[in-house]
Amino acid sequence: MNVSLLGGWLPAVLDVVAVAALVVAVGWRDRQWRVRAVPMIVGGATLGTLIAAYPAVRLLGITDPLPFHVWLWFGAALAALIVLAAGWRSARWWRRGTAVVAIALATLVFANQINQFVGYYPTISAAVNDWTHTPLPGQESMAGLAHDAGTAKLPPAGRLVAVTIPPTYSGFRHRQELVYLPPIWFRGRHRPTLPVVEMVGGERGGPGDWVRLGNAVQVSDDYAHSHHGYAPILVFTDSIARFNNDTECVNGPRGNSADHLDQDIPHFIEHTFDASRNPAQWAVAGFSMGGTCALDLVVEHPSTFTHFVDISGDLAPNSGDPAQTLADLYGGNVAAEHANEPLLVMHAHGRYRGVSGLFLTSTAEPRHQHEAEELSQAAAKVDIWSQVEVSPGSHVWQFAGPAFATAYPWLANQLTAAPAHREARSPKPA
């Protein structure tokens, strides 16, 4: 089950078998089939693919263009469907069956081509575990957590616990979230007050993505292993509530995501896990939409968060073109949109104190590189220290995970070295 879906023998075999099935399904047949049916199949598949590749994806809210080879397989699946319909009466039973197999295989390859583009499921087991809601490695219940706390000996690794955070301030109907507690947390009364990093994923996904795809727990465990069990608490957040609900972490028609991240989560984590209340010991890290959120949350809420790691984020929250963004995210409220655009927010705020961050992007993302430079330059004007780093890769989790691993020691150091004189947030009201 640990067979790769992103490369290796399985995707190659699926490609070859799917092409072979489609060729057999079309067949040579008679002259009328070759002269009339085959051009209809090619024309119909081409037209259907063109319709799907532009207006349909816009209606679905997909803003990142898919590569040509992805749409090529969509066209192959559509062609197999037309073959089945056009030749149903004249074809023999085995050719009909082959057409059905060709449809299934081409659809499977098309789906995996998308998967390879975004890097969402690296292996078959990762896909099956996600579909069956299998607990993540090392995940345990709150009851089990209470039993393990207060040990005299540090555990060899941290723990991952599922939490249901009340939407007290936001009313945001989010899914169950996850919290990573480093080994030092289990020292009970003898543990230090720990800093916190909120982890935000992409516009389509769930709280477990940073664990399953971004390898964030292993990165933190490795750091803790070389720092006497010490590492920040990580909160794997749900900023979208459901798979196809791109909130961009703002308050609006799609839910009060910002209030959930800025208020619900900090108060819950501080109260439940005795985490630091000092804003200088809170950070946000995210990939893609989550990278946009990381910067936006910090510059808008410096009394909650002070550090950010923006991995391949955008210049500002967006859900498509400007008109779509204004309608989808802000319900047409221009003032609300301006209040969530980092360039405008930083300019209006003026000088910040103690805020720092990293902009990490890949060599295959020239637009994100340019935007990161623009944001970094604007940040410098208001005393936010930041740095832009470009590494080999593309806009996939296989880039985001290692990028976060590279940034992690810097981020942990920022949180550990937080100045004690920073004013802490008020405790959660009774």
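Only a predicted model underlies this, so the values are computations on that prediction, with no experimental measurement involved.
- A pairwise comparison of heavy atoms in C249 and L261 identifies SG-CD1, 3.6 Å as the closest pair.
- The shortest side-chain heavy-atom distance between H349 and P302 falls under the 4.5 Å cut-off.
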Quiz prompt | side-chain contact (heavy atoms from CB on, under 4.5 Å) between F172 and D259, intermediate numbers included | solution = CA-CA 8 Å; F172 188 61; D259 285 347; over 6 Å; no
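- R159 forms a cation-pi arrangement with F186, by the criterion of a distance under 6.0 Å to the ring centre and an angle within 45° of the ring axis.
- Scanning both residues, P232 and S220, for their nearest heavy atoms gives O-OG, 4.2 Å.
- Contact of the N256 side chain with the Y169 side chain is not registered, since no non-hydrogen atoms from C-beta on lie closer than 4.5 Å.
- At a threshold of 4.5 Å between non-hydrogen side-chain atoms, the residues E203 and I240 do not count as touching.
- Atom NE2 of H338 is surrounded by more than 12 heavy atoms from other residues, nucleotides or ligands within 6.0 Å.
- Rounding to the nearest 0.5 angstrom, the gap separating the CE atom in M199 from the OG atom in S239 is 12.0 Å.
- When side chains are defined from C-beta on, V299 counts as touching I384, because their heavy atoms get closer than 4.5 Å.
- Defined by atom type and a distance below 3.5 Å, a donor-acceptor pair is missing between the side-chain atoms of S376 and E373.
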Quiz item: How far apart are the C-alpha atoms of Y180 and D221, what are their side-chain angles, what is the distance that settles it, and do they pass the side-chain hydrogen bond (donor to acceptor under 3.5 Å, both in side chains) test?
Solution: CA-CA 10 Å; Y180 164 84; D221 274 342; 2.7 Å; yes
Quiz item: Would H271 and H267 satisfy side-chain contact (heavy atoms from CB on, under 4.5 Å), going step by step from the backbone distance to the final call?
Solution: CA-CA 6 Å; H271 176 75; H267 284 118; over 6 Å; no
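- Residues Y230 and P195 meet the side-chain proximity criterion, which asks for heavy atoms closer than 4.5 Å.
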Practice problem: Take W210 and F287, measure what ring pair (Phe, Tyr, Trp, His ring centres under 6.0 Å) needs, and give me the verdict at the end. | Solution: CA-CA 9 Å; W210 266 111; F287 167 53; 7.1 Å; no
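- The two residues T306 and G354 come nearest to each other via the heavy atoms CG2-O, 2.9 Å.
- In summary, the side chains of S312 and H368 do not present any donor paired with an acceptor at a separation below 3.5 Å, with no hydrogens or angles considered.
- Under the 4.5 Å side-chain criterion, counting only non-hydrogen atoms from C-beta, L50 is not in contact with W71.
- Between the OG1 atom of T237 and the NE2 atom of H174 there is a distance of 10.5 Å, given to the nearest 0.5 Å.
- L22 CG to L105 CG: the interatomic distance, rounded to the nearest 0.5 Å, is 10.0 Å.
- The CG atom of D262 lies 11.0 Å from the NE2 atom of H260; values are rounded to the nearest 0.5 Å.
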Quiz item: Taking it one step at a time, do F308 and L297 satisfy side-chain contact (heavy atoms from CB on, under 4.5 Å)?
Solution: CA-CA 9 Å; F308 65 87; L297 286 167; over 6 Å; no
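- Side chains of R175 and P207 form a contact here, defined as non-hydrogen atoms less than 4.5 Å apart.
- Between P192 and I184 the shortest side-chain heavy-atom distance falls below 4.5 Å.
- Within 6.0 Å of the CZ atom in R173, the count of heavy atoms belonging to other residues, nucleotides or ligands does not exceed 12.
- Taking the six-membered ring for Trp and the full ring otherwise, the centers of F399 and H395 sit at least 6.0 Å from each other.
- The aromatic rings of F273 and W185 stand perpendicular to each other, their planes meeting at an angle above 60°, with 30° marking the opposite boundary.
- Using modelled atom types, no side-chain atom of N112 and backbone atom of N115 make a donor-acceptor pair closer than 3.5 Å.
- Summarising the geometry, atom CG belonging to L194 is positioned 9.5 Å from atom OG1 belonging to T416; distances are rounded to the nearest 0.5 Å.
- Defined by atom type and a distance below 3.5 Å, a donor-acceptor pair is missing between the side-chain atoms of Q369 and E371.
- Taking both residues in full, the closest heavy atoms of N340 and P342 are given as O-CD, 3.4 Å, listed atom of the first, atom of the second, then distance.
- Side-chain atoms of D264 and S170 include a donor-acceptor pair closer than 3.5 Å.
- To the nearest 0.5 Å, atoms CH2 (W282) and CZ (R277) are separated by 10.0 Å.
- Shown here for L78 and T49, the closest heavy-atom pair between the two residues is CD2-N, 4.0 Å.
- Of all heavy-atom pairs spanning T292 and A316, the tightest one is CG2-C, 3.7 Å.
- Between R254 and D328 there is a salt bridge, since at least one side-chain N of the basic residue sits less than 4.0 Å from a carboxylate O of the acidic one.
- In this structure, a donor-acceptor pair under 3.5 Å is present between the side chains of Q218 and D222.
- Heavy-atom neighbours of H225 NE2 from other residues, nucleotides or ligands within 6.0 Å: at or below the threshold of 12.
- Counting heavy atoms of neighbouring residues, nucleotides and ligands inside a 6.0 Å radius, atom NE2 of H370 does not exceed 12 of them.
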Practice problem: Could you walk me through whether V196 and F305 pass side-chain contact (heavy atoms from CB on, under 4.5 Å), step by step? | Solution: CA-CA 9 Å; V196 182; F305 312 103; over 6 Å; no
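- In this structure, a donor-acceptor pair under 3.5 Å is absent between the side chains of S4 and T123.
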